[in-house]
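Report on the following structure.
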There are 2 protein chains.
Amino acid sequence: MAGVRRRVPRQADVARLAGVSQATVSAVINGRARESGIPEQTVRRVEDAVRQLGYVANAAARSLKGKGNRLIGVHSFESMFPIDQLDFYHEFLTGIEQQAVADGYDLVLFASTESADGRRHIYRDGTNRLALADGSVLIGVEHNASDLARLAGEGYPFVHIGRRTVPGADISWVSADYATATADIVARLAGLGHRRIGYITCADRVDVHLDKEAGYRTGCAAAGLPELMYVIDPGHVDDAWLDAVLATGLTALLLEGAEIATLVAALLDARGLTVPGDLSAVVLVNLPAVGAPRWSSLRIPRNEMGRVAVKLLIDLLADPAPAPARHVLLPCEQLDDITIGPPKG
Amino acid sequence: MAGVRRRVPRQADVARLAGVSQATVSAVINGRARESGIPEQTVRRVEDAVRQLGYVANAAARSLKGKGNRLIGVHSFESMFPIDQLDFYHEFLTGIEQQAVADGYDLVLFASTESADGRRHIYRDGTNRLALADGSVLIGVEHNASDLARLAGEGYPFVHIGRRTVPGADISWVSADYATATADIVARLAGLGHRRIGYITCADRVDVHLDKEAGYRTGCAAAGLPELMYVIDPGHVDDAWLDAVLATGLTALLLEGAEIATLVAALLDARGLTVPGDLSAVVLVNLPAVGAPRWSSLRIPRNEMGRVAVKLLIDLLADPAPAPARHVLLPCEQLDDITIGPPKG
DNA sequence: TCCGGTCGCTGATACGAATCAGGAGACGGT
DNA sequence: ACCGTCTCCTGATTCGTATCAGCGACCGGA
């Protein structure tokens, strides 16, 4: 850092240098020069002064006046770059960044809101730090319904990545169309001749799980198949449980997540059962590269979700009137067919 | 965003409800009640009013009043979340985020500065968007010396990740101690009996490469070994080249990067030579999980570099006087020994 | 009775940018 | 000479919060 650390220049400094008033500087900077009847020559003088001083508008002052500062917040309810979830946030962020680049926005990653337990809060010490940004994209499997409701109640513009329903609040979100994807998979299996398709899920279900469940039901109904749902506690699944499940004559399995898939894969393996030889299987999430069986799965369009969330948010920002919440469902591809086959026997 | 958009309450509203002045509300909210001599009873009245109205401090007004935004910028000279460089930025960002969390800062990822060619600039239209943040961390293998010099000249506080020397400017940076690590590896190989240790590098060397080169020279000098440097153009390396190199009696190789390592590995493989049986090899970068030979390599402490960069920046921010640039070298571990062995024969 | 000293607050002001009402000066018309 | 109009700009005010100087009331001591 060479040289003297001069005070950050303000509009007043620019004005002094250009020999005009602060109000004129503001007009020029905000492109209101023409309509304010400021001649080209003065505009140039101001612009030169801006360049010479390296003036940049103070974000706080700008948003205090109710103006945007081309800043989009990104808030997650846990650390954004955790080692063990590298892929998870990364893909969303990629999409978010791409769209921000395209629209000329910068991103604010809210990190200051983390409390001692590692959770992140929207409201902290009575302040809503998100207010610094023009609007925010919220991501997170976890969520704090009351914070979300409060944020929506304040009229703060935000878009949630992942479907979220909060009683009493209408929230804009972008989600993957799990329901349709799941129903399609059921249809596909039914088309191959499967008559008894099971769905294994976990006990603490949030919105995203409910979507898949609904899709499963729809798919079964459409194909005239029975619903065979198994709500399990991953800690208490053993051979006996598998026996009971297989005894019902299942020929195909949908599995809610990577953890469940890993568990079931181990049990099947111990039993000497093969996939898809003995049983077809599809996992309803993006599988991590390691630590999960290599089964057919869904491709959740995380990059697109990030992009669309930002696009949607910018739409909301452009609309000065309080617009109704908007919801976007993005199609969810089914990834390869390696563990889908005809029913055995 | 449902419902009536009622005005967000301010301190004045709280004050009216509690029957005190706005200044009193401010004092209570900022924990200055005791020192301002406000009795417990009044504090409670104010707190009740805060709860009743759901008052939340306006972050913009707050930081307008204070001097900083508690915003740290992160600028890279290319897209921050590129698919093909996932690991590269990710680890730095992890460290940066961790330290930001620890110190209660938020991060601004500058995305708006990207031009059509995908490069990112500090100065756009003559203005410096980085000024939005209190200070910034710059990352990037590429760099624009004149932009850096200008930024330093303006007195803008920043820390570069990776050693950078720019003529005429004194730049704070955090780097890995490549020189020591490289010298150590040479010493280690010499200790195993190697007498002819080669160093293969590329033509367009920047600061980081020069550090390793210096370390190599130091190591050779300390062990009394000859310097055997090969500056190659990755596009023009073939069997003939390998013949020439091997003819000099090399028993160990240091390789500048993953690309060079991959290339040499292919040539050795074609020749039926094994590592470390025929030749010991160490790569002087973090190797990617795929697309490179699994050779011994350096572990570049990217996470720590990110953390220390933020810490250093916050130090600089805390110091109102123009501090001299500061430089930090972090130790660089050598990762496993799988391709290091005694010289053949 | 008057002075000095807390206590418990309040009023005024500053932060930096946006906005609006208005004003000085030039110019043309009568 | 006077009015109206147009051009080009300025002063004053606003946003919500933090902070500081200071003020009235009350109390104890002389």
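The sequence lines fix the lettering, A, B, ..., with proteins before strands; numbering per chain opens at 1.
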- Message: With salt bridge (charged side-chain N to carboxylate O under 4.0 Å, His left out) as the rule and sequence neighbours excluded, what pairs involving residues 21-33 of chain B come up?
- Response: none
- Establish, yes or no, whether the cationic atom of Arg120(B) lies under 6.0 Å from the six-membered ring centre of Phe77(B) and within 45° of the ring axis. no
- Query: Given dC15(D), is OP1 or OP2 found less than 4.0 Å from the side-chain N or O atoms of Arg10(B)?
  - Reply: no
- Query: Could you state the CG-P distance from Asp13(B) to dG16(D), rounded to the nearest angstrom?
  - Reply: 9 Å
- Query: With sequence neighbours left out, what residues match His121(A) under ring-ring contact (aromatic ring centres under 6.0 Å, His included)?
  - Reply: none
- Note on the structure: Outermost contacting nts on DNA chain C, any atom under 4.0 Å from chain A heavy atoms, listed 5' then 3', are dG16(C) to dT19(C)
- Only counting residues at least two apart or in another chain, list the ones meeting side chain to side chain donor-acceptor pair (under 3.5 Å) with Arg326(A). Asp315(A)
- Message: Heavy-atom nearest nucleotide on DNA chain C for Val20(B) versus Leu64(A): which residue maps closer to 5'?
- Response: Val20(B)
- Quick one: side chain to side chain donor-acceptor pair (under 3.5 Å) partners of Gln11(A), sequence neighbours excluded? Gln22(A), Tyr55(A)
- Note on the structure: With sequence neighbours left out, the residues meeting side chain to side chain contact (heavy atoms under 4.5 Å, CB included) with Ala18(A) are Val20(A), Val46(A), Ala49(A)
- Could you label the plane-to-plane angle of the Tyr156(B) and Phe158(B) rings as parallel, tilted or perpendicular, counting under 30° as parallel and over 60° as perpendicular? parallel
- Message: By the side chain to side chain donor-acceptor pair (under 3.5 Å) test, which pairs, at least two apart or in different chains, include something from residues 40-50 of chain B?
- Response: Arg34(B)-Glu40(B), Asp48(B)-Arg51(B)
- Item | End-to-end axis angle, where each axis spans five pairs of the helix from dT1(C)-dA30(D) to dT30(C)-dA1(D), to 10° | 80°
- Message: Any residue in residues 35-46 of chain B with a heavy atom nearer than 4.0 angstrom to DNA chain D? Just list them by number, or reply none.
- Response: none
- Query: Charged N to carboxylate O under 4.0 angstrom, Arg150(A) versus Asp147(A)?
  - Reply: no
- Task: For Asp106(A), enumerate each residue passing the side chain to side chain contact (heavy atoms under 4.5 Å, CB included) test, keeping only those at least two apart in sequence or located in another chain.
- Result: Leu71(A), Val108(B), Phe110(B), Ala111(B), Ser112(B), Arg129(B)
- Task: Tell me, please, which residues at least two apart from Ser146(B) pass side chain to side chain contact (heavy atoms under 4.5 Å, CB included).
- Result: Asn144(B)
- Show your reasoning for whether side chain to side chain contact (heavy atoms under 4.5 Å, CB included) applies to Ile72(B) and Asp134(B). CA-CA 6 Å; Ile72(B) 285 183; Asp134(B) 298 344; 5.7 Å; no
- Query: Parallel under 30°, tilted from 30 to 60°, perpendicular over 60°: which one fits the rings of His327(B) and Trp173(B)?
  - Reply: parallel
Distances under 3.5 Å between nitrogen or oxygen atoms of protein and nucleotides 19-26 of chain D:
none

